[in-house]
Amino acid sequence: MDLTRRHLLGGFAATAAATVLPARLLLAKAPIEQRFVLIILRGALDGLAAMPPYADPDLAALRGALVPPAPGQDGGMVDLDGRFALHPGLAPLKDWYEEGSFLPLHAVASPYRDRSHFDGQDLLETGAARLDGTRDGWLNRTLGLIGATDRRFGIAFAEEIPLVLRGTTPVTSWLPDKPAGLPPGFPDLVARLYDRDPALHAAYASGLDTTAFGRQIQGMVQTASASGPAMPAQGAMAAPAAGADLQLAEAAGRFLADPTGSRIAVMELYGWDTHVQQVKRLDRLLAGYAATLQALRAGLGDAWTQTAILTATEFGRTAAANGSGGTDHGTGSVAFLAGGAVHGGRVLADWPGLSGDKLYQGRDLAPTTDLRAVAKGVFRDHLGLPQDALDRIVFPGSADAAPMRELVRKA
Amino acid sequence: MSLVEAAIAVNRFGFGARPGQLDTLADNPWDWLRAQIRQPAAPAGDLPLTRAGLDILIAVQKAPDEESRKPHQEEARALRDRDRVAHVQTAVASDTPFRERLVKFWTNHFTVSYAQSYVVPFGGAYENEAIRPYATGRFRDLLGAVVKHPAMLFYLDNARSVGPNSKGGKQAGLGLNENLGRELMELHTLGVDGGYTQADVRALAMILTGWTPGRAKDPPGTVFAFRPGGHEPGPKTFLGRTYRDSGQAEGEVALDALAAHPSTARHIATRLVRHFIADDPPKPAVDRLAKTFLDTGGDLAAVSEALIDSPEAWQPERRKFKSPLDFVVSTARGFDLGDVGPAAVNWTRRLGQQIYNAPSPQGWPDRESDWLAPELVMERMEWSYQVIPRLVADQSPLPFVEALLGPTLSEQTRGVLRGAPSQREGMALALLSPEFQRR
C-alpha cells in the first residue's frame, strides 16, 4: 500500500461515516468474545484425497494414482492416528493437530444427497433440511440470535456476500482497499442519492463503515505481497497461495481480533471441482488452504484462543477415480475444525468403509456425520447458543442431528 | 407511445441509450425491438476462428519443451485479451442492442470460462460461432452448436471422457467423466428439478462419449469430431427411453429430447424473464414464454418476441440491478463512446465481472442480491468518480441523465444532481443514481 495516498484519504471515510451512520455503530463493542470463521471450499473437495483413510483395504484399488505416497515416503501423506493421514499439502497442520488445535472429521455431509454444485452449496449455506426456497443463511440467523447490532460483526471477505451470511441482520463484505481519491463531500452526496432506495442504502452504508475500519486493519498486515494487485480477481482464489490472498487471510484475522471488530466471518476458496488433473491441482490447492489457515492465525494473534474455524464443502467426490485422472461429484467428504478453542488432536470419524456394498449408491463415501451436528456442537459450546434455537432457527428441522459433544475446549 | 416506453425499450432490453436516442425511438419502441430479432445476425467482425484456436492448442501440445511452447501460449493470451475487449465492445457499439443482450444472455447461459486453460483461445470464437448465429434461431440448433464447440467440450471435460468399455477406454485405461452430462441437464436444459436422476446423468455422459474437439490428424478445418473408438458401446437408457448403439446419432437424439422437453421450456423461460424483467420472475410471463417455446418447437425469435410482448416487462418500476457489464456498457453508450478498448475490460473486472471468467458453470449471477454487496457498491462509487475525466463529460448532469433515462427521475435524485458541487461530481452522481444503477 502507498502510505501517502492512504493517508490523504483518511479524512473522507471518517467524515462520511460520521454523517451517514449513527455514531454508536462506530464504537459498538462486539456482543461476544468468541470468534467463528466458516471457510467454504466451493466445487466439492475430495475428502478421500484431503484425508486419505490409508488403512482402509479398499482405498488403493478404487483410486490408484490418486492416493498420495504412504507416510514416510518422499512426498508422502502425514499420518494422524494410524487410520487416517493428511494429504502432503496439509502437512503444516500436523503441528496444530499435535498441539490439539486441529480437529479433522471424516465421512461428513450436509443433508443434501444429490450432486449439483449449486443446490449443494445452497443447502450448505441456507442450513435448511431440504431445498425449500429458504433465501437466508444460517450465519445470518446466528448473528440475529447473538444480538449483533453492528453490520461489522458479520463479514464476508469477498466481493459478494455469500448466501450463508445473507438475511435480515445487516452484515458487510470487505476486500483490501485501493486509494480512491474522492473529494471529501462526495460520499455524503451518494448517501443522499440512496435515501429512498433501501437496498442500495444498506449496502452503501455498510461499505463505508467497513472501508474505514479496513483501512486501519490494512496498515497492520505483515504478510508480504508476492506480486500483483492486492485485490484478487473473480475466481482468483483458485490459486489461494498467492500473496494477495494470504494478505487477505491475515487481514481477516485482524478484523476478528479487534475488540470492536468482526465475530463471525466467511471466506471462500474456489477450484475444488477436480474432474481432471486432480493430483496436480489438489497439491496446489491444499497447500494454499493450509497457508491460508496459517495467515488467518497470524492475523488473529491472541484471539486465536477464542476462535473456531470450520471448513466445509458442498459434497464429496466419487470413491473411485473417474476416467480422466480425477473424480466426479459424490456425497461424503471431510470437515475440518481449527482454532485455539477447538478440542483437537484426534480424528472424528464413524468410518463406513469403502467396500462396494458400503458405498453410498455404490459409488460415494457414505456420510455418517451430519455437518449440521458439527456446526451445532460448535455453536452450542463455543457461542453458547441454546440447543432449541439451534434446532429450530439456525438449522430448522434439524432436531435429529444432535449437536456433537466436546468439539471445543471448556472455557 | 412515449419517452417512458422508449426508455424502457432501450434500457431494459438493450444496453442503455445513446444521447438523443430516446426521441428517435419514441414513435414505436416495440417495432424497434422486434426488428432486431427478426433480422439476420450481424457479422461480428474480425475475430478468430475456432479452428485457429485449436491449432494453437495443438501447437502447444506438440512443442517439445517450454521454450518452444512459449510463442504459442503468447498467441493464446493475445487472443484472450482481444476477445475480452470484443465481448464488451460488441455491446458498446451494437446498433441492435436487444439482439446483443440476447447473445450475451446465451453466452452466459452456456458459460465457458478461462479458468479451464484449454478454453483460453476460444472466448470470441465460441461467442461468435456457437452462440451469435443461433441466438434468435432454434434452441436445438444453439444447443447442438454449443455442445459441439471445443470450448464447451474442454470446459466441461467431455474432451477427456471415454466410454469405459470402448476400444479407447480399454486400451488407455481412460473412462467416463460426468461433468458435461450433468451440467447439460441441470444448467443448460431441464433445470435441476427438471426430472432426471443420477442414472440419467451417467447415461447422457455415456451417450456423449466420443464427442471431441478436432485434433491434429483430422482433416483441415475440423472443429468437432465424433470418435467411435471412444464411444461407449451397447444400449443406454436415458430419460426413460432406450438408446440403441448408434454412435453420434445417440447424442443427437438425446439433444432433441432435451430441447423438446417441457422442463427445458420452463427453465429457459424462467431464466429469460429473470434476466430481462425481475429477479423473482412474474409467473404469467414465465408461463407465456414457456408456452411459446413449446408451441414453436423452441423458436428463440418467437420466445424473445413473447418477452417484449409481456405487459410485465413494461412496468415503469426498475426491478433489475445492473450487472457490472451492463453498468459499464450503458455508461459507455451514454457518453457515446465509439471504441472503449482494453480499459473497459479492466472496468468490468474491477466491478466484479472478469470477462470470460465466470466463477462456475452456472455463469454470472442474475439477481440483485448477488451484485448489491457493500464492497461492490464501494467500487461503483469510486469507479464512477474516477472514470468521468476519461469520458469527455462536459455536460450538465441532470439533462445528461434525463436524455438517457427519460422523464422519470425522482425528486430526490434531481435534488442531489442539482446540488452537486462540481460538474465532475455531478456526472459521477448521475451514474450512481438508483435510476441509472437499475433498469
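Chain letters run A, B, ... following the sequence lines, proteins first, then strands; residues in each count from 1. Every value quoted in this text rests on a predicted model; they were computed, and no experiment measured them.
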message: I'd like to know if the side chain of B:Gln412 reaches the main chain of A:Arg192, judged simply by a donor and an acceptor atom lying under 3.5 Å from each other, with no hydrogens or angles considered.
response: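 Side chain of B:Gln412 to backbone of A:Arg192, a donor-acceptor pair under 3.5 Å: yes, one is there.
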
Closest approach of [X] and [Y], non-hydrogen atoms and distance?
| X | Y | value |
| --- | --- | --- |
| B:Leu176 | A:Asn322 | O-CB, 3.4 Å |
| A:Ala199 | B:Leu372 | CB-CD2, 3.6 Å |
| A:Ala203 | B:Ala373 | CB-C, 4.3 Å |
| A:Phe186 | B:Leu432 | CZ-CD1, 3.9 Å |
| A:Leu175 | B:Glu375 | N-OE1, 3.1 Å |
| B:Met381 | A:Pro187 | SD-CA, 4.2 Å |

Which bit of [X] is near chain A, if near means a heavy-atom gap under 4.5 Å: side chain, backbone, both or neither?
| X | answer |
| --- | --- |
| B:Arg202 | side chain |
| B:Glu435 | neither |
| B:Pro164 | neither |
| B:Leu187 | side chain |
| B:Arg380 | neither |
| B:Glu186 | side chain |

Atom pair [atom1]/[atom2] of [X] and [Y] - distance to nearest 0.5 Å:
| X | Y | atom1 | atom2 | answer |
| --- | --- | --- | --- | --- |
| B:Ser360 | A:Arg42 | OG | CZ | 9.5 Å |
| A:Arg115 | B:Thr197 | CZ | OG1 | 10.0 Å |
| B:Arg367 | A:Arg135 | CZ | CZ | 5.5 Å |
| A:Asp197 | B:Phe321 | CG | CZ | 8.5 Å |
| B:Asp193 | A:Asp119 | CG | CG | 6.5 Å |
| B:Ser384 | A:Leu182 | OG | CG | 10.0 Å |

Option that, when pairs with chain A are counted at under 4.5 Å, heavy atom only, ranks first among [options]:
| options | result |
| --- | --- |
| B:Leu417, B:Thr413, B:Asp370 | B:Asp370 |
| B:Val162, B:Val201, B:Val192, B:Asn177 | B:Asn177 |
| B:Val377, B:Leu174, B:Val416, B:Leu156 | B:Val416 |
| B:Pro421, B:Ser433, B:Ser369, B:Ala115 | B:Ser369 |

message: Using the rule given for side-chain contact (heavy atoms from CB on, under 4.5 Å), can you reason through A:Arg363 versus B:Gln198, listing the C-alpha separation, both sets of side-chain angles and the distance that settles it, and then say yes or no?
response: CA-CA 11 Å; A:Arg363 57 179 263 154; B:Gln198 171 61 34; 2.6 Å; yes

field: Verdict with supporting geometry, B:Asn179 and A:His275, side chain to side chain donor-acceptor pair (under 3.5 Å)
entry: CA-CA 7 Å; B:Asn179 208 6; A:His275 287 279; 3.1 Å; yes

- prompt: Is any side-chain heavy atom of B:Pro374 less than 4.5 Å from a side-chain heavy atom of A:Ile161?
  reply: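 Result yes, sub-4.5 Å side-chain heavy-atom pair found.
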
Worked check of side-chain contact (heavy atoms from CB on, under 4.5 Å) between A:His117 and B:Gln362: CA-CA 9 Å; A:His117 288 302; B:Gln362 204 172 19; over 6 Å; no

message: Check this for me: does any side-chain nitrogen of one of A:Asp328 and B:Arg182 sit under 4.0 Å from a carboxylate oxygen of the other?
response: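 Here A:Asp328 does not pair with B:Arg182 in a salt bridge, since their nearest N and O are not under 4.0 Å apart.
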
message: Can you confirm whether B:Asp280 is buried at CG, in the sense that more than 12 heavy atoms of other residues, nucleotides or ligands lie under 6.0 Å from that atom?
response: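 Open.
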
task: Count the heavy atoms belonging to other residues, nucleotides or ligands that lie under 6.0 Å from OH of B:Tyr196, then report whether that count exceeds 12.
output: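 Atom OH in B:Tyr196 is crowded, with more than 12 foreign heavy atoms closer than 6.0 Å.
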
- prompt: Side chains of A:Arg196 and B:Ser410: do they bring a donor and an acceptor to under 3.5 Å?
  reply: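 There is no such pair (donor and acceptor under 3.5 Å, judged by atom type) between the side chains of A:Arg196 and B:Ser410.
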
query: For A:Ala321, is it the side chain, the backbone, both or neither that has a heavy atom under 4.5 Å from a heavy atom of chain B?
result: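 No part of A:Ala321 comes within 4.5 Å of chain B.
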
message: Assess the residue pair A:Thr210 and B:Met378 against the criterion (side-chain contact (heavy atoms from CB on, under 4.5 Å)); give the C-alpha distance rounded to whole Å, side-chain angles, the decisive distance to 0.1 Å, and a yes or no.
response: CA-CA 10 Å; A:Thr210 313; B:Met378 290 291 104; over 6 Å; no

